[in-house]
Amino acid sequence: MELWGRMLWTLLSGPGRRGGTWGWAFSSWQPHSPLAGLSSATELVSHWTGVFEKRGIPEARESSEYIVAHVLGAKTFQSLRPVLRTQPLTPQQLKCIQELSSHRLQRMPLQYILGEWDFRGLNLKMVPPVFIPRPETEELVEWLLEEVAQRSHAVGAQGGPLILEVGCGSGAISLGLLSKLPQSRVIAVDKEAAAISLTCENAQRLQLQDRIWIVPLDVTLEGSWTHLLPWGPVDLIISNPPYVFHQDMEQLAPEIRRLSGVVRASSRPPRPRTGAAKQPCCEETLMPWSCHYEDPVALDGGEEGMDVITHILALAPQLLKDCGSIYLEVDPRHPELVSSWLQSHPDLYLHLVAVRRDFCGKPRFLHIERSGP
């Protein structure tokens, strides 16, 4: 993803892509009627850009362009054929644009509005309240892929690594790795039923379900790691854990923080997928809702953002092979905190060996290695 696209994501809460199904409705939604005479895609983009600007919606034009393009079956407005930008829209298309734009006025992220999002070229289904992967996480996956390639080349290794992802959410990290490492296998764990279900569905959409085990598991519970022992020691642990400092939670953007209204699950049946048997964990279920768009549990890392990070580090020696590695996405304040924590726990035989900066130049990613008994 280009830098401009990443910067746009931070303001807009990300682009989706075509084919997503709109499946959420606000009971408090009030229609915003288009101006009389509007009929073309270009006119609708201009109209809703003005509405969004008036209401203080970030990146107003980009929001309207993505919504209009989505309804017309395109990934971006720029990719629309010129004739589609100027020809009259159908009443159904006009209604759909109005409905989706009303959700954006409620500060709902575009990933949820459009129903899916691209992650490293993979089209993933996205539904609230499952955490939306950020552009930084694409960099975390890229770093791990670079390290695996270098290590395999250096030792002439055959086959692929066994990887544990802690907190799989939508499955973005696990599926991104599986798609680029054809001989790898992944164990993906999450404590939230909605995340487990969505990862299952995305694995089937991408036909990667044969190389991933998706396990409901809370790593903060004592002894939880014993449930992972049947798969054997893993080569790598990767995680984008909750790492926001608790005091910073209220400073998050409205797209993340609040929902002003009540939502219900759509009654539209899921599209059938061919070539993959449906697993029990992928059954469609109604999910409980809160006053947040994204589940705050996936963001709040406790007082210093370290609550889940320290649990991952504490269980790692029980699960990692000798010289196995941990890759984490963290807050820029965490490298020093994690280094100090590891030094105070020498019995874990874990060492911080590398810190990598994100595209904004902030220390965002950690490589921790096990060396010892």
Would the distance check show the side chain of Tyr66 and the main-chain N or O of Lys75 forming a donor-acceptor pair, the cut-off being under 3.5 Å?
no

Taken to the nearest 0.5 Å, the spacing of Arg185 CZ from Ile163 CD1 works out to 10.0 Å

For Gln98, is there any backbone N or O sitting under 3.5 Å from a side-chain donor or acceptor partner on Ser102?
yes

Does Leu315 offer a backbone N or O that forms a donor-acceptor pair with the side chain of Gln318 under 3.5 Å?
no

Between the side chains of Arg151 and Ser325, does any donor sit under 3.5 Å from an acceptor?
yes

Passing option when Leu164 is tested against Leu319, Leu320, Ile326 for side chain to side chain contact (heavy atoms under 4.5 Å, CB included):
Leu319

Counting distance only, does the side-chain N/O of Ser197 pair as donor-acceptor with the main-chain N or O of Ala193 below 3.5 Å?
no

For the residue pair Ile196 and Cys168, what are the closest heavy atoms and their distance?
CD1-SG, 4.5 Å

Does Ile132 offer a backbone N or O that forms a donor-acceptor pair with the side chain of Arg134 under 3.5 Å?
yes

Does any donor atom in the side chain of Thr86 or Ser40 lie under 3.5 Å from an acceptor atom in the other side chain?
no

Same hydrophobic cluster for Trp213 and Trp225, using side-chain heavy-atom links shorter than 4.5 Å among ILVMFWY?
yes

For Glu65 and Gln78, does a side-chain donor sit closer than 3.5 Å to a side-chain acceptor?
yes

Please say yes or no: joined through hydrophobic side-chain contacts below 4.5 Å, possibly via intermediate residues, are Val219 and Leu221 part of one cluster?
no

Cationic tip of Arg333 above Phe245 ring, under 6.0 Å, 45° of axis
yes

In terms of heavy-atom contacts, Ile57 and Arg104 come closest through CD1-O, 3.5 Å

Show, in sequence, the C-alpha distance, side-chain angles and deciding distance for Gln209 and Glu201, and conclude whether the side-chain contact (heavy atoms from CB on, under 4.5 Å) test is met.
CA-CA 9 Å; Gln209 71 276 6; Glu201 184 169 352; over 6 Å; no

Are Ile309 and Leu348 joined in one hydrophobic group, where the rule is that I, L, V, M, F, W and Y side chains link up if heavy atoms are under 4.5 Å apart?
yes

Under 3.5 Å, is there a donor-acceptor pair between the side chain of Asp190 and the main chain of Gly169?
yes

Using atom types as modelled and distance alone, determine if a side-chain donor or acceptor of Gln93 lies under 3.5 Å from a backbone N or O of Thr90.
yes

Taking atom types as modelled and ignoring hydrogens, do the side chains of Arg85 and Thr42 form a donor-acceptor contact shorter than 3.5 angstrom?
no

Exam field: side chain Ser224 to backbone Asp218, donor-acceptor pair closer than 3.5 Å
yes

Could you tell me which non-hydrogen atom of Val186 sits nearest to which non-hydrogen atom of Ser174, and how far apart they are?
CG1-OG, 3.2 Å

Under 4.5 Å between side-chain heavy atoms, counting indirect links through other Ile/Leu/Val/Met/Phe/Trp/Tyr residues: same cluster for Leu122 and Trp117 or not?
yes

Looking at Glu139, Glu146, Glu142, which one forms a salt bridge (Lys or Arg N to Asp or Glu O under 4.0 Å) with Arg356?
Glu146

Under a single-linkage definition using a 4.5 Å side-chain heavy-atom cutoff for Ile, Leu, Val, Met, Phe, Trp and Tyr, are Leu140 and Val353 assigned to the same hydrophobic cluster?
no

Can a donor-acceptor pair be found between the side chains of Glu147 and Trp143 at a distance below 3.5 Å?
yes

Do Glu329 and Thr137 pair up side chain to side chain, a donor and an acceptor below 3.5 Å, judged on atom types alone?
yes

Would you please classify the geometry between the His334 ring and the Tyr243 ring as parallel, tilted or perpendicular, with 30° and 60° separating the classes?
perpendicular

